[in-house]
Amino acid sequence: MRSISFLTRPGFFLVLACLSWGGAQAGILDYRRPPILPPPAGNESTPARVALGKVLFFDPRLSGSKWISCATCHNPALGWADGLPTGIGHGMQNLARSTPTVLNTAYNKFQFWDGRARSLEEQALGPILNAGEMHRDIDGLLRDLSAIDGYRTMFAAAYREDGISEAAIGKALAAYERTLITTEAPFDAWVEGNESAITDSAKRGFVLFEGKAKCNLCHQGFNFQDDGFHNLGLKERGKPDPGRYAQRALPAARGAFKTPTLRELSLTAPYMHNGAYATLQQVIDHYNRGGDVRTNLSPNMHPLNLSTTEKSDLIEFLGALNSTNPLTETIPILPQ
Amino acid sequence: MQSQRIALVIACLIPALQVRAEEYVVDQINKSFVMTGKPITALKLKKGDTVSFKNGDPFFHNIFSLSELQTFDLGSYPAGEARAVKFEAAGTVDVECAIHPDMHMTVEVE
């Protein structure tokens, strides 16, 4: 018990971090909050850009039906996701993949489950123009926005050179999404040296996370993700989904999906790219089995032989990644 | 007899005068390509040279190229393991990791 207590002290990991070359061995400093990735040139954050992005995010007129906004699926009341196994798109059609949270996407080097967009600017336009999702034609959207006085004023203030354009819509949404960052969690306080911020069970869970359970092979750093793509051996819930393979036709990419953040998990069930699991217990059981489908399975996946107590400790640790006071948002009055 | 000796000496020297193919080692550390301790994004080498990609991270990497000039897929390999590629044609080859696609470098073959 003493040794576990020693291992879980932040001071111990501070020493490790100093000793380890280049941080290849995860130290506690690796979990500190870093700055978000810098926005691309020409889209530096300004209050006018964030304000424009916010109203666009909540505006259902961005969809072909005028009924679906970004916030319909990325609902701030549901962890900026939708609480469903997979998303629902235009005409109430079921989509193939789970709606990921928007929280902390500002840290991601790749967007979408298959990483097909490198920037939030590029990503933001994808669902709007996708026929199955928001089903909007860009010409119609630009025409409609141009007819709204409030939008003419806001676009002029935010993007004078771009005007009301496809590029400016993507930039504004990205500028807003870069402000949607998780707030401090008990784990963060523990990282900073508050020993009583998390329970002993959570501390044991963290040791398992970095050790026997090998979670940190993919879930790394402050945002607990690796900008990587892995096949976790999930059973298909519909037709086979190629995942990352659609971007890079390689065996390792077939059925591989982007590692998601582990922050705010209590708000973002169901889990996995296809929403296969309703609870974290089911997720842990999946990893404990080493996955279910062996084809193109990530070599990181092996049976873990975790005990019932160890699984509980891992879940307790994951709970310590939930923000103490989660980010809240006020719904804006839309421009008229 | 004298001319035969000279011919023999020249014949012995020819292999020594030929340029030997080099073998470079590129490490993967902290999800970056690293050479002699420094991150690299481009490596220049000569036709016939070999690059050994060595995994210095505690997790798997999968180095590949889908460049028109040369395609290869080294597969997934664990910490400490290295897999080598010989670059046979002149031009530029993009090299990435299939698992961590932010890892990218070019090999310029002269």
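Keep in mind that the numbers below use all heavy atoms, side chains included, and drop hydrogens, waters and symmetry copies. In the text below, chain A, chain B and the rest are named by the order of the sequence lines, each starting its count at 1.
- Around NZ of K214(A), the count of heavy atoms belonging to other residues, nucleotides or ligands within 6.0 Å exceeds 12.
- Using non-hydrogen atoms only and a strict 4.5 Å limit, the part of residues 76-98 of chain B facing chain A consists of S76(B), E96(B), A98(B).
- Within residues 240-260 of chain A, the residues having any heavy atom less than 4.5 Å from a heavy atom of chain B are, in residue-number order, R244(A), R248(A), A249(A), L250(A), P251(A), A252(A).
- Contacts of residues 62-70 of chain B with chain A at a heavy-atom distance below 4.5 Å involve N62(B), F64(B), L66(B), listed in sequence order.
- Chain B forms more heavy-atom pairs under 4.5 Å with one residue of C218(A), G115(A), G228(A) than with any other, namely G228(A).
- A 6.0 Å sphere centred on NZ of K31(B) holds more than 12 heavy atoms belonging to other residues, nucleotides or ligands.
- Of the inter-residue distances, the one linking L217(A) atom CG with I99(B) atom CD1 reads 10.5 Å to the nearest 0.5 angstrom.
- Contacts between D227(A) and chain B at a heavy-atom distance below 4.5 Å involve the backbone alone (N, CA, C, O).
- The environment of K212(A) atom NZ is dense: over 12 non-hydrogen atoms of other residues, nucleotides or ligands sit within 6.0 angstrom.
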Output side-chain donor-acceptor pairs under 3.5 Å for residues 296-303 of chain A, partner residues at least two apart or in another chain, one line each.
unit_1: S298(A); atom_1: OG; unit_2: N300(A); atom_2: N; d: 3.1
unit_1: H302(A); atom_1: NE2; unit_2: P299(A); atom_2: O; d: 3.0

